[in-house]
Amino acid sequence: MADAHVSGGCLCGTVRFSVTLPTLFCGHCHCSMCRRSHGAAFVTWFAVPRNQVEWVSGQSQLRRYASSDHGTRSFCGRCGSSLFCESSKHPDQIDIVLANMEGPIDRPPQVHVYFDDRASWAIAEDSLPRLGGSTGLEKMRTHP
Ligand SMILES: [Zn+2]
Ligand SMILES: [Zn+2]
């Protein structure tokens, strides 16, 4: 495992990168911004320290969008695949969309975050912890 890499990229193949394991985190985000930027019920992210991401191609094609006062999302300027989310709250790490990876990472999704913000039609029947509240990471009193 010491030198495990997983490749990833966008739909059109312009943006390509390689991630060195281990990861820090993996979870499903149900926030409204993820939902809208992906056109999906929720988005599964994982995080790694920034220095564990290596560019293969297309870095200049990345387009960046400041989706909040601390968060920036980036996507391929050619095909629109959503790729990364960065936060000034955690400047040393980068969130990466799990669906864009070409192989398994070192952990399964561990948690649902912003769960109380979820779409009414999103169904989660697993037994993973569900976090919510204003930070999206607080324990929820009930598991609806
Ligand atoms: Zn692309
Ligand atoms: Zn989100």
Side-chain angles (χ1 to χ4, degrees), residues 1-119 122 124 126-144:
M1 280 301 275
D3 196 34
H5 298 271
V6 185
S7 297
C10 65
L11 175 62
C12 75
T14 299
V15 178
R16 296 198 50 78
F17 56 93
S18 170
V19 173
T20 302
L21 304 179
T23 63
L24 300 168
F25 163 90
C26 183
H28 305 299
C29 186
H30 293 261
C31 83
S32 59
M33 289 189 287
C34 282
R35 185 158 64 243
R36 191 155 288 194
S37 80
H38 289 250
F42 59 87
V43 179
T44 308
W45 297 95
F46 68 97
V48 289
R50 199 174 274 282
N51 61 12
Q52 287 176 217
V53 179
E54 203 174 306
W55 288 97
V56 176
S57 65
Q59 195 173 8
S60 66
Q61 289 297 310
L62 267 191
R63 297 292 176 270
R64 297 166 64 80
Y65 171 63
S67 55
S68 70
D69 58 355
H70 60 87
T72 301
R73 292 165 188 270
S74 44
F75 54 95
C76 173
R78 183 166 177 235
C79 72
S81 286
S82 174
L83 293 157
F84 306 107
C85 189
E86 295 161 83
S87 172
S88 56
K89 292 180 178 174
H90 314 284
D92 297 331
Q93 78 182 52
I94 184 162
D95 294 337
I96 303 175
V97 178
L98 181 60
N100 292 329
M101 304 309 291
E102 290 162 1
I105 61 168
D106 55 345
R107 71 181 79 219
Q110 302 159 284
V111 67
H112 293 275
V113 301
Y114 287 97
F115 194 69
D116 50 1
D117 208 13
R118 71 191 181 283
D126 57 52
S127 57
L128 297 177
R130 286 131 161 74
L131 306 182
S134 59
T135 65
L137 302 172
E138 291 153 32
K139 245 199 169 119
M140 288 169 62
R141 217 174 301 157
T142 55
H143 285 182

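Numbering starts at 1 and runs along the sequence shown.
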Starting at CG of Leu11, measure out to CG of Leu83 and round the result to the nearest 0.5 Å.
10.0 Å

Taking every non-hydrogen atom, the tightest pair across Cys29 and Phe42
O-CB, 3.2 Å

Exercise: identify the closest heavy-atom pair between Cys12 and Thr14
SG-OG1, 3.0 Å

Side-chain heavy-atom pair Cys34, Arg73 within 4.5 angstrom cut-off
yes

Between atom OG of Ser81 and atom CZ of Phe75, what is the distance when rounded to the nearest 0.5 Å?
11.0 Å

Under a 3.5 Å distance rule, please check whether Asn100 uses its side chain to pair with a backbone N or O of Cys10 as donor and acceptor.
no

Just verifying a value: how many Å separate Leu24 CG and Asp106 CG, rounded to the nearest 0.5 Å?
9.0 Å

One should read off an interatomic distance between Arg63 CZ and Ser82 OG, to the nearest 0.5 angstrom, of 14.5 Å

Just jot down the salt bridge (Lys or Arg N to Asp or Glu O under 4.0 Å) partners of Arg107, sequence neighbours excluded, or say none.
none

So NE2 of His28 and CD of Gln110: to nearest 0.5 Å the spacing works out to 10.0 Å

Work out which heavy atom in Met101 is nearest to a heavy atom in Ile96; give both atom names and the distance.
SD-CG2, 4.0 Å

Can Trp45 and Val97 be said to form a side chain to side chain contact (heavy atoms under 4.5 Å, CB included), step by step?
CA-CA 5 Å; Trp45 297 95; Val97 178; 3.4 Å; yes

Please round to the nearest 0.5 Å and tell me the distance separating atom CG of Leu131 and atom OH of Tyr114.
11.0 Å

Testing Trp55, Tyr65, Phe46 one by one against Phe84 for a ring-ring contact (aromatic ring centres under 6.0 Å, His included), which residue passes?
Trp55

Just so I know, are the side chains of Arg50 and Asp92 near enough to count as touching, which here means a heavy-atom distance under 4.5 Å?
no

Ser68 versus Met33, closest heavy-atom pair with distance
CB-CE, 4.4 Å

Side chains of His112 and Asp126: donor-acceptor distance under 3.5 Å anywhere?
yes

Considering all heavy atoms, the nearest Arg64-Ser74 contact:
CG-CB, 4.1 Å

Heavy-atom check, side chain of Ile105 versus side chain of Cys26, under 4.5 Å:
yes

Min side-chain heavy-atom separation Thr20-Val48 under 4.5 Å:
no

For Cys76 against Leu62, the heavy-atom pair lying closest together:
N-CD2, 4.5 Å

Check the pair Ser67 / Ser37 against side chain to side chain contact (heavy atoms under 4.5 Å, CB included), numbers first and verdict last.
CA-CA 10 Å; Ser67 55; Ser37 80; over 6 Å; no

Do other residues, nucleotides or ligands put more than 12 heavy atoms under 6.0 Å from Arg16 CZ?
yes

Does the side chain of Arg130 reach to within under 4.5 Å of the side chain of His30, using non-hydrogen atoms?
no

Can you find a heavy atom in the side chain of Ser32 that is under 4.5 Å from one in the side chain of Arg36?
no

For Thr23, does its backbone N or O pair with a side-chain atom of Gln52 as donor and acceptor, under 3.5 Å?
no

